Amino acid sequence: MREYRQLTAEEIRILDNNVCWAEDWSRVMVAEGFKPYNFHRVMFYGDIRLGEFNKQVEVAKGFFKHSGINDATLRNVNVGDDCLIEKVGNYINNYTIGNDCYISNICTLETTDDATYGEGSIISVLNEMGDGNVTIFRELNSQLAKFMVKYSQDKRLRKMLMQLIEDELRISRPERGVIGNNVKIINAKDITNTIIKGDCEISGAARLSECTVMSSMDAPVFIGTGVICENSIICDGCSINNSVKMQDCFVGEACQITNGFTAETSLFFANSFMANGEACAAFCGPFCASHHKSSLLIGGEFSFYNAGSNTNFSNHAYKMGPLHWGTLERGTKTASGAYVLMPATIGAFSVCFGKLMNHPDMRNLPFSYLMAYGETMYIVPGRNITTVGLYRDIKKWPKRDKRSKQSKKSIINFDWLSPFTVGEIIEGIKILKALRDASGDNVTTYNFHEYVINASSLRKGLKYYDIALRIYMGAVLKRAQKEGFFGKPTSDVGKGPWVDLSGLLMPESEERRLADDIKSGAIDRIGQVLDRFEEINNHYRDYRWAWSYQLILDYYHLEELDEQACERIREDYIRARRAWIAEIRKDAEKEFSMGDVEQEVYDDFLSKLDHEIDYEN
C-alpha cells in the first residue's frame, strides 16, 4: 500500500496563494514526491489523497497541459499520479481515481450510500411483465444468462444461483466508486455510483448512474455524446454513443449501441450491433444486429440475427455483396436451428410467422425457407444449406469477432454443423420420410400441419440434408484421426441430445449435471459455474466424437470403424462436399443473372469456391 505524508507549511502556503482551500489541511495527505504548483482554485473536504503530478497530459492531438487540479471541489477523494482534473462544475465526492486520468468540464462525479454500481439487479427478459429471471453483474456471460432464463421456473436452482451471485458481490463490491488508470472523462454531466475501469473514454455523456464499465487497455470502452445509462453493465471493447438511452441492461464484449437506440431490461452479448431502434426484455445473444428505426426487439431471444426492416428479416437479397449480415443461423428462441424467413407477401407474414415459430415440430426442419403466397404457407426444407448466404456466413462470423483475447467471457462455437444442428437434420429427415411414406411418391404436395411442402422440395430437402450429414461425418472423422481419438469413445458423455446455450454447444446431460450440482451444493461459488461452462467447451471435441461415432455406425450400418469404412466415409465426404459447392455455385450464378451483383464480386466469389478443394484433405 502506498504511503502518504502530510503537507508541509510551505506547500500549504503555495496552495493558499493559488486560491486553494481545505476544510482541514491535516486531512489532505500527499505522496512523497508531491509538488503543489499546478493546483489552482481547488477546495478540499474530508479525507484527500494526492499522488505526484509531474507529467504533461495530452488533452487533444498535439496539445499538452501540465497535470494538476484546477477549478474543482473534492470531498473524500484519492487521486493517483499525473492526472489532470479541471473545470468541475459541481464536485467530485467519494471516489478513487487512478493514474494518468484526464477529467475536464464535468458536473458531478459522486458515490452515494448503498451504491450497487449496477450489479445485483434482477431483470426480466423474454417476458417484460414477468418476474425477474436474470441477475446482472460484471462476470455475466451469455451462457449463464441463458441458463438462468431456461431454469427460471426451478425455484430451488434459481434461489441457489441468486445466492451465489449475491455472495460474490458482497465480497467484491468496493466501498466507493473507482476510476481506473488512463481514463478520459470530458464534457460529461452527472456520473453517480459508477465504476469505470482503465483506458475508458467518456465524452459528452449526459448521465451514468449505478453502472460498471469494464474497460481495459486491449479492449477500451467509449461512451459518447448524449448517452444516458442507468443501472447497467458495459463490458470490454464496447462503444455506446449518440444519445443512447439504456436502463437495466447488460452489454457484453465488443458490442456497439448507437444512434439513439433505446433499451430497457435487455441483454446484449458479444459483437452485437444496435442502432436507431428499441429493445425491451430482449435476450440478444452473440452477433445480433438491428439497424432500423422501425425495429423493436421485445420479449424474444436472438442470436446470429439481423433484425431488418419490415419483412426483410435476413437481408437475404444481399448474399454476395459486402452488406450481407447473414441469415437466422441460430434463429430465435422459439425456432432454434437455422431458418431463413422469406415471406412473399407482407399481409400473411405476421400471422404465419407466429404460427410457424410456435409450432413444436418446426425446429426439426432446420435450414429451411418459409414462404407465403396469399393465405398458403410453403416450407422449402433444407434449402438454405446450399445458398451463397449460408456459405458466406460460415466464413464471416469468426472474422467478425472483434473481442480481444483477454475479454471473451461469452463462449461462441462457430461450427455450422454440430451435434446440435445435425441432430435437428436427422429429425428433419425422419419427418420428410414419414410424410413421403404416408402419402406416397405420386403426389404434387405434402401437408405438414398447416403448411405445404411441394413434392420436388421434399425430394431436394432429403438430398440437401444427406449432403450435410455426409459432410459432417467426414469432417468429424478427419478431425478425430488428426487429433488422436479416432477409436471407440471412452465415455458416453455426448451421446444424447445436444443444446445451444447461447453460443455454447453442449450435451444436454452436461447441462442437467450442472443444474444438479448447483442444487446439491457441490458448486458453492458463481465462479465455479462459469468455470464449468469453460470446461464443457474444452471437452467439445470429445463429446462431439462420442455423438458422431454412433451416428456414423448407424448411418453406414457398421459394427465398428475400420480402415475400409473410413475410406468409404472419406470418399462420401469429398463427393458430398463437391456437390455442396456445386449447388452453391448454381445459387451464385442465379443471383448474378438477376443483375444485382457486380462482375468483380461474382468472380471473386467463384474463385473462393474453386479453392474449396484445398480443404478436402
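Since the structure is predicted, the reported quantities are computational estimates derived from the model, not experimental observations.
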- Distance in Å, Asn537 CG paired with Leu504 CG, rounded so as to fall on 0.5 Å steps: 5.5 Å

- Whether Ser548 side chain and Met473 backbone form a donor-acceptor pair below 3.5 Å: no

- Message: Using the side chain to side chain contact (heavy atoms under 4.5 Å, CB included) criterion, which residues pair with Lys293? Sequence neighbours excluded.
- Response: Asn276

- Query: Does the side chain to side chain contact (heavy atoms under 4.5 Å, CB included) test come out yes or no for Glu139 and Ile526, once each step is laid out?
  - Reply: CA-CA 9 Å; Glu139 297 302 323; Ile526 196 64; over 6 Å; no

- Message: Run the side-chain hydrogen bond (donor to acceptor under 3.5 Å, both in side chains) test on Asn384 and Thr387 for me, step by step, so that the C-alpha distance in whole Å, both residues' side-chain angles and the decisive distance to 0.1 Å come before the verdict.
- Response: CA-CA 5 Å; Asn384 192 47; Thr387 61; 2.7 Å; yes

- Message: As an exercise, state the distance from CG of Asn271 to CD1 of Ile412, rounded to the nearest 0.5 Å.
- Response: 5.5 Å

- Backbone N or O of Ser502 within a donor-acceptor pair of the Ser303 side chain at under 3.5 Å? no

- Query: Quick one: salt bridge (Lys or Arg N to Asp or Glu O under 4.0 Å) pairs with a partner in residues 114-127, sequence neighbours left out?
  - Reply: Glu119-Arg138

- Message: Hydrogens and angles aside, do Asn193 and Thr116 bring a side-chain donor and acceptor to less than 3.5 Å of each other?
- Response: no

- For Lys519, enumerate each residue passing the salt bridge (Lys or Arg N to Asp or Glu O under 4.0 Å) test, keeping only those at least two apart in sequence or located in another chain. Asp154

- Message: Quick one, Asp415 and Thr421 - any side-chain contact, counting heavy atoms below 4.5 Å?
- Response: no

- Under the criterion side chain to side chain contact (heavy atoms under 4.5 Å, CB included), which of Tyr472, Trp545, Tyr549 is the partner of Leu477? Trp545

- Does the side chain of Arg176 come under 3.5 Å of the side chain of Thr96 through a donor N or O and an acceptor N or O? yes

- Would you give the length of the straight line joining atom OG of Ser142 to atom CG of Leu501, rounded to the nearest 0.5 angstrom? 7.5 Å

- Item | salt_bridge(Arg512, Asp516) N-O dist < 4.0 Å | no

- Query: Between the side chains of Asp167 and Gln163, is a donor N or O closer than 3.5 angstrom to an acceptor N or O?
  - Reply: yes

- Task: May I ask you to check whether Tyr465 and Phe367 place their ring centres under 6.0 Å from each other?
- Result: no

- Message: Between Arg207 and Glu230, does any NZ, NE, NH1 or NH2 come within less than 4.0 Å of an OD or OE carboxylate oxygen?
- Response: yes

Quick one: side chains of residues 233-241, donor-acceptor pairs under 3.5 Å with protein atoms, not counting sequence neighbours, listed by atom name and distance.
residue : atom : partner : partner atom : Å
Asp236  : OD2  : Ser216  : OG           : 3.0
Asn241  : OD1  : Thr225  : N            : 3.2

- Task: Classify the angle between the aromatic ring planes of Phe269 and Phe283 as parallel (below 30°), tilted (30 to 60°) or perpendicular (above 60°).
- Result: tilted

- Message: So, using side chain to side chain contact (heavy atoms under 4.5 Å, CB included) as the criterion, who are the partners of Glu510 when residues are at least two apart?
- Response: Val493, Met506, Pro507, Arg513, Ile536, Tyr543

- Item | Atom pair CD1 (Ile379) and CG (Asn447), whose distance is rounded to the nearest 0.5 Å | 10.5 Å

- In Å and rounded to the nearest 0.5 Å, what is the CG to CG distance from Leu164 to Leu144? 9.5 Å

- Message: Tell me which pairs pass ring-ring contact (aromatic ring centres under 6.0 Å, His included) where either residue lies in residues 139-172, with sequence neighbours left out.
- Response: Phe147-Tyr151

- Task: Check whether the ring centres of Tyr369 and Tyr378 lie less than 6.0 Å apart, and answer yes or no.
- Result: no

- Message: When you compare the side chain of Phe273 with that of His291, does any pair of heavy atoms fall below 4.5 Å?
- Response: yes

